[in-house]
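Remember, it's a predicted structure, so these values are computed and weren't measured experimentally. Just so you know, these numbers use all the heavy atoms, side chains as well, and skip hydrogens, waters and symmetry mates. Throughout, protein chains are lettered first and strands after them, A, B, ... in sequence-line order, and every chain is numbered starting at 1.
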2 protein chains.
Amino acid sequence: MTVPKPPMRDALVAAAFRLFLERGYEQTTVDDIVALAGVGRRSFFRYFPSKEDVVFPDHERCLADMTEFLGRGGDEHDPVARVCDAARLVLRMYAENPTFSVQRYRLTKKVPGLRTYELSVVWRYERALAEYLRRRFAGQPDGTLRADVIAAAVVAAHNNGLRSWLRSDGESDASAEVDHALALVQRTFTPSAGPDPAEDVEDVVVLVSRRGAPMWRVVQEIEATLGHPPDRQN
Amino acid sequence: MTVPKPPMRDALVAAAFRLFLERGYEQTTVDDIVALAGVGRRSFFRYFPSKEDVVFPDHERCLADMTEFLGRGGDEHDPVARVCDAARLVLRMYAENPTFSVQRYRLTKKVPGLRTYELSVVWRYERALAEYLRRRFAGQPDGTLRADVIAAAVVAAHNNGLRSWLRSDGESDASAEVDHALALVQRTFTPSAGPDPAEDVEDVVVLVSRRGAPMWRVVQEIEATLGHPPDRQN
DNA sequence: GTTCGCAGGGAACTCAGTGCCATGCGTCGC
DNA sequence: GCGACGCATGGCACTGAGTTCCCTGCGAAC
């Protein structure tokens, strides 16, 4: 894998952020960065495909981590809980370098180009989650639709918590914020999570009489059958 | 407002798409476009801030329409239903020019730069929806969180239906696809004020053997049992 | 007719990103 | 020890997007 870290890459990131912070992103040219880092211009683009990439130096690795996390099974767990855990990987990356994350947040908030770039990164996370859910929901009615919607909701909740933390300059409790946000999503999409500590589930047997009934009605019926009420809102 | 349509703008769009389709987006330079349209290069950037903008010539107007739609009251309706209706404005714009929309879809699917640009456009729609919901949910616990999540879910559902329609080359029923997708979201987030359209649902009978099973597993079983989308409301 | 305003044209510039090749440097084979 | 090879880096020139500044033509107003 990535055995030792290339020093040049880090030097470029450091130089870039120094200049971005003191004179702004758009006012800084790639030539400025490489001059400060003392390397050739061509080398910059060897490490970063574009000027924007230097602002998000670790997202590529994080995305790979998430893909790997979702790739290795976990199919015995609730799919929604699984993607929530996957989202927490991103939070962890942000939380590893609070000051860096806050600085970057301020940058992306100001510069439209960086905001757009960030969107494309977030989109890739969302697609990874959605693809996983699509696999888990394969064959189910509206499987891909539910997968897309849940993935989007998870990402939105995660970002809501994350940004709340970033706005506090990293003072608040990032995990608590995101956990709270993700809990809401999980509650919403896991149809009335009752005693959830899932163990042996082989012996689930279901009988539904009326095939034409709407799904939400079926769920309601199940909830009534199981005995715990659908704890709506809070 | 925009009294008569500027002919030059349309000429540029037409010329651009001719070239994009026959030789690809990245293989077409702005100089190629203005040469074909018979206008000066400078004029292109007067009408479109960037090369990408020529691919989405009407989104700016649509976004203004949505903002206006959400701006004028409607506060007596269900907020979720309201943003769903707002999302349908976008669908309508796509449906107005099916062939154009399908061509553009194929382009954006291939070209990463256009995909990214589209994301930034979609993001602005999502923000408009979220801002509206934040206003509606102001003062409520987790108001902004719920606003962000619901906006994301609505956009995801809309896009799911929209893309399904685009993939069918505009043959399927766009409204039906999107209505179906948005209905799922609305059902999920509207605090279940009872069975909504409530028709023949009395005869749903369910039997679940194992009470300790996780809810998601039960639902999965039900869906497998039903084997088909149970709630296709035509 | 002169003047004002404005839509468009055009040259020249900045800067991101790419392709090509030279250079330096360490390692391996002999 | 010596050439061969691979690899990281630097240098340079080129394309193409986007911008700045200024020119031209044309219609309306006075």
Side-chain angles (χ1 to χ4, degrees), chain A residues 1-17 19-20 22-57 60 107-108 110-121, chain B residues 1-20 22-57 60 107-108 110-118 120-121:
Chain A
M1 300 194 186
T2 55
V3 215
K5 287 233 172 173
M8 190 164 173
R9 204 184 136 91
D10 299 342
L12 283 168
V13 173
F17 266 80
L19 293 172
F20 291 165
E22 73 184 30
R23 84 172 76 158
Y25 176 81
E26 283 159 325
Q27 283 66 46
T28 305
T29 72
V30 175
D31 295 86
D32 296 335
I33 299 171
V34 296
L36 180 59
V39 301
R41 166 187 168 76
R42 197 65 188 78
S43 296
F44 180 92
F45 290 104
R46 256 190 270 275
Y47 284 97
F48 306 98
S50 77
K51 187 184 168 190
E52 285 109 351
D53 281 288
V54 81
V55 183
F56 306 91
E60 212 61 40
L107 266 184
T108 54
K110 285 197 206 308
V111 184
L114 290 179
R115 234 181 22 204
T116 300
Y117 185 88
E118 192 181 39
L119 285 175
S120 76
V121 176
Chain B
M1 299 213 178
T2 56
V3 219
K5 288 233 174 173
M8 189 163 174
R9 204 184 136 89
D10 299 340
L12 282 168
V13 173
F17 266 81
R18 263 198 52 190
L19 292 173
F20 291 165
E22 75 184 31
R23 85 171 75 156
Y25 176 81
E26 284 158 325
Q27 283 66 46
T28 306
T29 72
V30 174
D31 295 85
D32 295 335
I33 300 171
V34 297
L36 180 59
V39 301
R41 167 186 168 76
R42 194 60 190 80
S43 297
F44 179 93
F45 290 104
R46 254 189 272 274
Y47 285 96
F48 305 99
S50 77
K51 188 185 169 190
E52 285 109 348
D53 281 289
V54 80
V55 182
F56 306 89
E60 212 61 41
L107 265 184
T108 55
K110 285 197 207 307
V111 184
L114 289 180
R115 234 181 22 202
T116 300
Y117 185 88
E118 191 182 38
S120 76
V121 176

**Student:** In this structure, how many angstroms lie between the P atom of D/dG10 and the CZ atom of A/R42, rounded?
**Tutor:**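 Atom-to-atom, A/R42 to D/dG10, this comes out as 11 Å.
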**Student:** Once rounded to the nearest 0.5 Å, what's the spacing between atom CG of B/L19 and atom CG of B/L36?
**Tutor:**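 Nearest 0.5 Å value for the CG-CG distance: 5.0 Å.
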**Student:** Measure CE/A/M8 against C1'/D/dG10 and give the value in whole Å, please.
**Tutor:**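 Taking CE of A/M8 and C1' of D/dG10, I get 9 Å after rounding.
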**Student:** Under the side chain to side chain contact (heavy atoms under 4.5 Å, CB included) test against A/V13, which residue among A/V54, A/I33, A/D53 passes?
**Tutor:**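 So, applying the side chain to side chain contact (heavy atoms under 4.5 Å, CB included) to A/V13 and each of A/V54, A/I33, A/D53, only A/V54 qualifies.
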**Student:** Of the listed nucleotides (D/dG16, C/dA16, C/dG17), which one gets closest to any side-chain atom of B/T29?
**Tutor:**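 Closest of the options to the side chain of B/T29: D/dG16.
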**Student:** Taking A/K51 for its side chain and A/Y25 for its backbone only, find out whether a donor-acceptor pair lies under 3.5 Å.
**Tutor:**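 A pair under 3.5 Å: yes.
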**Student:** Measure from CG on B/L12 to P on C/dA7 and round the result to the nearest Å.
**Tutor:**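 These atoms are roughly 15 Å apart.
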**Student:** Rounded to the nearest angstrom, tell me the gap between atom OH in A/Y25 and atom P in C/dC15.
**Tutor:**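 Taking OH of A/Y25 and P of C/dC15, I get 14 Å after rounding.
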**Student:** Taking for each residue the nucleotide of DNA chain D bearing the nearest heavy atom, is the 5' side occupied by A/S43 or by B/R41?
**Tutor:**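 Mapping each residue to its closest nucleotide by heavy atoms, the 5'-most match is A/S43.
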**Student:** Show your reasoning for whether side-chain contact (heavy atoms from CB on, under 4.5 Å) applies to A/V111 and A/F20.
**Tutor:** CA-CA 11 Å; A/V111 184; A/F20 291 165; over 6 Å; no
**Student:** Side-chain contact test, heavy atoms from C-beta onward, threshold under 4.5 Å: evaluate it for B/L12 versus B/Y47 and give yes or no.
**Tutor:**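 Side chain of B/L12 against side chain of B/Y47, heavy atoms only: contact under 4.5 Å found.
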**Student:** Side chain of A/K51, heavy atoms from C-beta onward: which of D/dA8, C/dG17, D/dA17 has the nearest atom to it?
**Tutor:**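 Out of D/dA8, C/dG17, D/dA17, the nucleotide with an atom closest to A/K51's side chain is C/dG17.
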**Student:** Please pick, from D/dG18, C/dG8, D/dT9, the nucleotide with the shortest atom-to-atom distance to any side-chain atom of B/S50.
**Tutor:**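 Given the options D/dG18, C/dG8, D/dT9, the side chain of B/S50 is closest to D/dG18.
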**Student:** Just the rounded figure in Å: distance from C1' of C/dC15 to CD1 of A/I33.
**Tutor:**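 Result: 12 Å.
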**Student:** Could you check how far CG of A/D31 sits from P of C/dG17, rounded to whole Å?
**Tutor:**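 Computing the A/D31:CG to C/dG17:P distance gives 12 Å.
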**Student:** Find the distance B/Y117:OH to D/dA17:P and express it as a whole number of Å.
**Tutor:**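 Atom OH in B/Y117 sits about 15 Å away from atom P in D/dA17.
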**Student:** Taking only the side-chain nitrogens and oxygens of A/Y47, find out if one of them lies under 4.0 Å from OP1 or OP2 of D/dT9.
**Tutor:**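 Affirmative; the distance criterion is met.
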**Student:** Can you figure out which of D/dC21, D/dG10, C/dG8 approaches the side chain of A/R46 most closely?
**Tutor:**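 Side chain of A/R46 sits closest to D/dG10.
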**Student:** Side chain of B/V39 only, please: which of C/dG9, D/dA17, C/dT18 is the nearest?
**Tutor:**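 Looking only at heavy atoms from C-beta outward on B/V39, the closest nucleotide is C/dG9.
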**Student:** Using atom CD of A/E26 as one end and atom C1' of C/dT14 as the other, report the distance to the nearest whole Å.
**Tutor:**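 Those two atoms, CD and C1', are 14 Å apart.
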